[in-house]
Amino acid sequence: MINNPLVSILVPLYNAEKYFEETIESLLNQTYKNIEIIIVNDGSTDNSLKLAKEYENLYSNIFVFNQENSGAASTRNNAFNESKGDYIQYFDADDIMHPDKISSQMNVLRKYNFQDDIVTTGKWVRFSYNIENFLYIKKSIEKNYDDTLFFLEDAWRNSEYFIGPSWLISRKLNEKVGGWSTDLTFNDDGEFFTRVAYNSSKILYVNDSLVYYRQDNQNSISSDFSIKSIRSHLKSLNLYEECLGKDIEKNNLRYATAKLYSNFYRFHFPVHIDIKKEVYSKLKKLGYKEPLIKFNPKISWIVKIFGVDIALYLRWFRDKLVT
């Protein structure tokens with residue numbers, strides 16, 4: 001393989017005119033220069049497509065495509081199909097990429113002769129309005145993994161993750177794991193990168209790689225907690241479990257999977273009765289009677305006597321009163 005492989009940056013675009021220029025400029029300012037930027041407009045109703053076309057006219061490595069509104073997963077799949085890069089960088093149209101993001105990861109991959117099944121991740125921080133106002137929370141998964149099952153165990157047990165734009169993966173690995181699930185409307189990135197991690201031989205954490213994740217975009221799909229999105233979230237966890245197959249018996253992955261469902265239950269509580277039944281059914285098959293949720297020692301006696309649901313209702317009611 002050549003020493004500086006082509007990297008395709010794939011950007012799904014939907015009604016992001018407010019943020020798009022800042023995002024695209026951060027991509028054009030990458031210190032790694034052998035890149036192409038594939039933008040797929042997903043039926044935007046604002047000026048997003050117009051802005052993207054203006055950049056396409058200015059830069060020979062920007063390619064803009066248009067489609068009827070089909071959702072983020074479909075848009076990413078179409079962007080991949082239009083790309084030519086040896087490496088794939090998924091990126092959202094409202095986030096910001098540090099200038100050295102891709103170069104720092106490619107420098108690490110170069111040391112491993114660009115082995116197809118080795119992937120890199122990196123640091124990500126949250127910001128609102130200005131990247132100077134960022135929040136960084138250190139995570140236990142910010143390290144290298146020679147056994148990627150241990151990565152999944154740590155991430156699920158501790159409810160930690162790398163956002164989609166943090167990853168840089170080879171084209172061949174992307175082809176192996178398949179496309180993004182168009183059946184999911186929420187957490188499709190978590191499900192996709194679970195497959196990426198599971199099929200990788202190593203996950204290398206690159207501390208100098210940095211992505212700024214925007215939180216002030218109210219149109220972001222991550223802010224949608226409709227019943228449809230909650231069901232999609234649960235379905236994505238089912239796919240996590242399916243991905244493991246018999247490997248769920250390795251390490252402490254059975255416990256980590258139970259923690260996945262438990263954290264989902266805590267996050268969305270109170271939930272529809274059908275969702276509650278499904279979560280409890282999943283936990284029972286994994287060997288647990290109820291969600292594995294840690295409570296303040298002061299109310300641990302409530303859990304012992306009345307169970308997790310009562311303790312969660314009390315905490316939910318308390319939070320309602322505070323807000």
Participant: Go through the side-chain N and O atoms of Ser232 and Asn187 and say whether any donor and acceptor fall under 3.5 Å apart.
Facilitator: no
Participant: Asp46 and Ser48: side-chain donor and acceptor closer than 3.5 Å?
Facilitator: yes
Participant: Can Asn78 and Phe65 be said to form a side chain to side chain contact (heavy atoms under 4.5 Å, CB included), step by step?
Facilitator: CA-CA 9 Å; Asn78 288 339; Phe65 301 88; over 6 Å; no
Participant: Determine whether the side chains of Asp189 and Tyr161 contain a donor N or O and an acceptor N or O closer than 3.5 Å.
Facilitator: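 Per modelled atom types, Asp189 and Tyr161 side chains form no pair under 3.5 Å.
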Participant: Does a donor on one side chain sit under 3.5 Å from an acceptor on the other, for Ser103 and Thr31?
Facilitator: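 Indeed, the side chains of Ser103 and Thr31 share at least one donor-acceptor pair under 3.5 Å.
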Participant: Tell me whether Glu249 at atom CD has more than 12 heavy atoms from other residues, nucleotides or ligands lying less than 6.0 Å away.
Facilitator: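 Enclosed: over 12 neighbouring heavy atoms sit under 6.0 Å from CD of Glu249.
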Participant: Does the distance from a Lys or Arg side-chain N to an Asp or Glu carboxylate O, for Lys282 and Glu278, drop under 4.0 Å?
Facilitator: no
Participant: When you check the side-chain N and O atoms of Gln89 and Lys101, is any donor under 3.5 Å from an acceptor?
Facilitator: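 Their side chains do contain a donor-acceptor pair, which is all the 3.5 Å distance test asks for.
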Participant: Using distance alone, with no hydrogens and no angle criterion, decide if Thr23 and Ser26 have a side-chain donor and acceptor under 3.5 Å apart.
Facilitator: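 Thr23 vs Ser26: no donor-acceptor pair found between side chains.
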Participant: Please determine whether a side-chain nitrogen of the Lys or Arg among Glu56 and Lys53 lies less than 4.0 Å from a carboxylate oxygen of the Asp or Glu.
Facilitator: yes
Participant: Side-chain heavy atoms nearer than 4.5 Å, only ILVMFWY residues, links allowed to pass through others: does that put Phe91 and Val196 together?
Facilitator: yes
Participant: Among side-chain atoms of Arg171 and Asn174, is any donor-acceptor pair under 3.5 angstrom?
Facilitator: no
Participant: Check for me, please, whether Tyr198 and Phe151 land in the same ILVMFWY cluster - side-chain distances under 4.5 Å, paths through other members count.
Facilitator: yes
Participant: Angle class for the Trp156/Tyr240 ring planes (parallel below 30°, perpendicular above 60°, tilted otherwise)?
Facilitator: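 It falls in the parallel class, under 30°.
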Participant: For Asp274, check salt bridge (Lys or Arg N to Asp or Glu O under 4.0 Å) against everything at least two apart and list the hits.
Facilitator: none
Participant: Could you work out the complete set of other residues in the hydrophobic cluster of Leu135, with links drawn between I, L, V, M, F, W and Y side chains under 4.5 Å apart?
Facilitator: Ile137
Participant: Is a side-chain donor-acceptor pair under 3.5 Å present for Glu132 with Tyr212?
Facilitator: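 No pair is found: no donor N or O on one side chain lies under 3.5 Å from an acceptor on the other.
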Participant: Rounded to the nearest 0.5 Å, what separates atom CG in Asp95 from atom CD in Glu22?
Facilitator: 10.5 Å
Participant: Quick one: do Glu142 and Tyr205 satisfy side chain to side chain contact (heavy atoms under 4.5 Å, CB included)? Show the steps, please.
Facilitator: CA-CA 6 Å; Glu142 293 179 341; Tyr205 174 73; 3.5 Å; yes
Participant: If I compare all heavy atoms of Lys84 with all of Glu36, which pair ends up nearest, and what's the gap?
Facilitator: N-OE2, 2.7 Å
Participant: Is the distance between the ring centroids of Phe193 and Trp180 under 6.0 Å?
Facilitator: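 Yes - the distance between ring centres of Trp180 and Phe193 falls below the 6.0 Å cut-off.
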Participant: Less than 4.0 Å between a side-chain N and a carboxylate O, is that true for Asp188 and Arg76?
Facilitator: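 Yes, charged N to carboxylate O under 4.0 Å.
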Participant: Taking Asp117 first and then Lys176, would you say they form a salt bridge - that is, a charged N and a carboxylate O separated by under 4.0 Å?
Facilitator: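 Result for this pair is no, no salt bridge flagged.
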Participant: Give a yes-or-no answer on whether the side chains of Tyr261 and Asn238 include a donor-acceptor pair shorter than 3.5 Å.
Facilitator: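 Yes, a side-chain donor-acceptor pair sits under 3.5 Å.
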Participant: Indicate, with yes or no, if the rings of Phe269 and Tyr313 have centres closer together than 6.0 Å.
Facilitator: yes
Participant: Using side chain to side chain contact (heavy atoms under 4.5 Å, CB included), reason through Phe80 and Ile88 one step at a time and then give a plain yes or no.
Facilitator: CA-CA 8 Å; Phe80 177 76; Ile88 303 299; 3.8 Å; yes
